[in-house]
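Step one of this worksheet: look at the structure below.
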Amino acid sequence: MNLAQFPRRHYTPYQTPIEYLPRLTRLLGGPDIYIKRDDLLGLAAGGNKTRKLEYLMADALAKGCDTVITCGAVQSNHCRLTLAAAVKEGLKCHLVLEERVPNSYNPDASGNNYLFRLLGVEGIRVVKGGSDMMGEMKRVADELAAQGRIPYIIPGGGSNEIGALGYVSCAEEILTQLHDMDLNIDRIVCASGSAGTHAGLVAGMIGNNANIPVVGIGVNRKKDIQTEAVFTLANKLLTKLGARTAAEPADVVVFDDYVGPGYSLPTPAMVEAVQMLAREEGILLDPVYTGKAMSGMIDLIRKGYFQKGEKVLFVHTGGSPALYAYTDVTLHGVR
């Protein structure tokens with residue numbers, strides 16, 4: 001697929017590594033576990049949104065915009081990285097934060113809230129959970145336009161057919177690395193949230209005829225809603241790329257068993273996963289996305305869904321700064 005036809009900024013001057021996790025593999029007694037370290041991507045503290053922002057920021061710059069607006073939860077990794085990309089490009093940034101858990105926003109909190117301030121965000125607007133986030137961002141855009149500014153709206157998670165090109169690119173990077181490593185992976189596992197990462201990987205594998213299934217562990221929505229979101233976006237990407245094949249419903253695998261009481265709300269299994277990766281492999285997961293995704297993979301290994309002899313690649317999408325807003329929970333468990 002010809003990704004070079006789309007404008008792109010470059011924020012990571014290297015491929016993120018694929019590492020074997022011998023201690024975790026031995027502990028769980030299941031498949032051989034590998035990890036794609038997208039937590040080591042460029043921009044402030046890394047994470048999967050960096051790949052999406054390479055395409056989104058290129059589009060914003062091509063349109064002559066001077067300000068970017070995006071949205072997310074109160075500890076949003078996507079907001080942190082969008083702000084960092086804006087700083088790097090000399091643009092201003094406004095954030096619309098959704099209190100998905102009532103009264104959860106604390107301007108003096110650690111984690112990503114601290115980084116918003118450190119990176120010099122121009123404006124933060126906090127709205128109630130369930131708000132029309134696109135409508136809220138358009139209000140901010142209208143206010144800025146009235147001041148003579150040229151705003152560019154980036155959807156939550158950067159998950160449209162521009163941003164998700166970043167994970168088509170990641171799929172191609174993975175395939176190149178696997179070839180160079182003489183490593184034949186059976187399945188890929190990733191967190192499935194705003195759908196861009198999951199859909200991009202699915203589209204990338206289909207478009208390259210790789211035949212490697214992608215398993216998404218949902219972190220926010222019910223299985224049927226999430227499956228449709230990933231399926232729709234994957235096919236939009238394949239159409240945009242001019243691929244000769246389309247995704248089939250069977251290509252989108254989503255488990256919604258590990259969300260717990262809701263998005264960003266801790267679960268005992270998430271705490272176990274975060275502690276396990278830290279103490280067995282020295283790798284930090286975040287409590288909202290990768291912690292829950294890893295908890296799902298661990299449970300599926302224990303249940304025999306992933307079997308001994310398989311080789312499974314977990315895509316670490318980053319987010320570790322959010323750990324510092326969950327210190328008590330991740331050390332002492334859910335109370």
Side-chain angles (χ1 to χ4, degrees), residues 1 3 16 18 21 30-39 41 47-49 51-52 157-159 161 163-179 183-221 223-241 243 245-259 289-290 292-301 305-307 310-318:
M1 291 181 294
L3 282 164
T16 60
I18 291 176
L21 302 183
D32 292 324
I33 303 170
Y34 294 79
I35 190 166
K36 172 69 168 166
R37 295 294 304 274
D38 269 13
D39 57 316
L41 285 164
N48 63 325
K49 306 306 189 285
R51 291 191 189 271
K52 301 177 184 181
S159 292
E161 55 266 42
L165 289 170
Y167 269 85
V168 177
S169 175
C170 180
E172 295 194 339
E173 181 175 301
I174 288 170
L175 292 172
T176 298
Q177 289 177 291
L178 296 180
H179 178 266
L183 178 60
N184 185 25
I185 287 290
D186 294 292
R187 283 186 274 195
I188 294 170
V189 180
C190 68
S192 191
S194 59
T197 298
H198 190 176
L201 289 171
V202 169
M205 293 299 156
I206 291 172
N208 284 283
N209 297 310
N211 299 315
I212 302 176
V214 181
V215 177
I217 308 295
V219 299
N220 55 349
R221 295 182 282 210
K223 179 177 180 176
D224 56 343
I225 298 171
Q226 187 67 11
T227 300
E228 180 59 31
V230 174
F231 178 73
T232 298
L233 184 52
N235 276 318
K236 284 182 178 179
L237 286 167
L238 289 165
T239 298
K240 186 177 183 71
L241 288 156
T245 52
E248 301 291 337
D251 294 321
V252 180
V253 178
V254 174
F255 288 90
D256 65 356
D257 310 78
Y258 308 101
V259 177
Y289 291 89
T290 49
K292 286 188 176 179
M294 180 59 76
S295 79
M297 190 177 83
I298 290 168
D299 186 61
L300 290 169
I301 290 171
Y305 179 84
F306 299 111
Q307 298 179 3
E310 279 191 84
K311 291 180 171 59
V312 177
L313 176 65
F314 181 85
V315 178
H316 186 343
T317 52

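Worth knowing before you read on, the calculation uses all heavy atoms, side chains too, and leaves out hydrogens, waters and symmetry mates.
Considering all non-hydrogen atoms of both residues, Leu233 and Gly196 come closest at CD2-CA, 3.8 Å. Across all their heavy atoms, Ala246 and Asp251 have their closest contact at O-OD2, 4.4 Å. The shortest non-hydrogen separation linking Gln177 to Ile18 is OE1-CD1, 3.7 Å. The heavy-atom pair separating Leu237 from Ala164 by the smallest distance is CD1-CB, 3.6 Å. Among all heavy-atom pairs drawn from Ser169 and Leu3, the shortest one is CA-CD1, 3.6 Å. When all heavy atoms of Val219 and Ala191 are compared, the pair lying nearest together is CG1-CB, 4.4 Å.
For Phe231, there are no ring pair (Phe, Tyr, Trp, His ring centres under 6.0 Å) partners, not counting sequence neighbours. Scored by the side-chain contact (heavy atoms from CB on, under 4.5 Å) test, Asn220 finds Gln226, Tyr263 as partners (sequence neighbours excluded). Here Asp39 pairs with Arg37 under the salt bridge (Lys or Arg N to Asp or Glu O under 4.0 Å) rule; sequence neighbours left out. The salt bridge (Lys or Arg N to Asp or Glu O under 4.0 Å) search around Glu173 returns Lys36, Arg51, not counting sequence neighbours. In this structure Ser159 satisfies the side chain to side chain donor-acceptor pair (under 3.5 Å) test together with Lys52, Ser194, sequence neighbours excluded. Residues meeting the ring pair (Phe, Tyr, Trp, His ring centres under 6.0 Å) test with Phe306, sequence neighbours left out: none. Scanning for side chain to side chain donor-acceptor pair (under 3.5 Å) contacts around Thr232 gives Glu228, with sequence neighbours left out. Listed by chain and number, the residues in a salt bridge (Lys or Arg N to Asp or Glu O under 4.0 Å) with Lys311 are Asp32 (sequence neighbours excluded). Checked against salt bridge (Lys or Arg N to Asp or Glu O under 4.0 Å), Asp299 has the following partners two or more places apart in sequence or in another chain: Lys303.
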Hey, mind stepping through Leu21 and Phe314 against side chain to side chain contact (heavy atoms under 4.5 Å, CB included) and telling me if it holds? CA-CA 10 Å; Leu21 302 183; Phe314 181 85; over 6 Å; no
Would Leu175 and His179 satisfy side chain to side chain contact (heavy atoms under 4.5 Å, CB included), going step by step from the backbone distance to the final call? CA-CA 6 Å; Leu175 292 172; His179 178 266; over 6 Å; no
Pair Tyr167, Asp38 - check side chain to side chain contact (heavy atoms under 4.5 Å, CB included), show working. CA-CA 11 Å; Tyr167 269 85; Asp38 269 13; 2.5 Å; yes
Can you list the steps and then say if Ile33 with Ile301 is a side chain to side chain contact (heavy atoms under 4.5 Å, CB included)? CA-CA 10 Å; Ile33 303 170; Ile301 290 171; 3.8 Å; yes
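Put simply, the side chain of Thr239 gets close to the backbone of Asn235: a donor and an acceptor are under 3.5 Å apart.
With rounding to the nearest 0.5 angstrom, the CD1 atom of Ile185 is 6.5 Å from the OH atom of Tyr34.
Residues Leu201 and Ile174 meet the side-chain proximity criterion, which asks for heavy atoms closer than 4.5 Å. Looking at heavy atoms from C-beta onward, Ile217 lies in side-chain contact with Leu300 at the 4.5 angstrom threshold. Counting heavy atoms from C-beta outward, Leu178 and Ile212 have side chains that approach closer than 4.5 Å.
Applying the side chain to side chain donor-acceptor pair (under 3.5 Å) rule to pairs touching residues 196-207 yields Asn48-Thr197, Ser192-His198, sequence neighbours excluded. Applying the salt bridge (Lys or Arg N to Asp or Glu O under 4.0 Å) test to pairs two or more places apart or on separate chains, those with a residue in residues 185-214 are Arg187-Glu310. Counting only residues at least two apart or on different chains, the side chain to side chain donor-acceptor pair (under 3.5 Å) pairs with a member in residues 200-219 are Glu172-Asn208.
Counting heavy-atom neighbours within 6.0 Å of Lys240 NZ, excluding the residue itself, gives a total above 12. Atom CG of Asp224 is surrounded by more than 12 heavy atoms from other residues, nucleotides or ligands within 6.0 Å.
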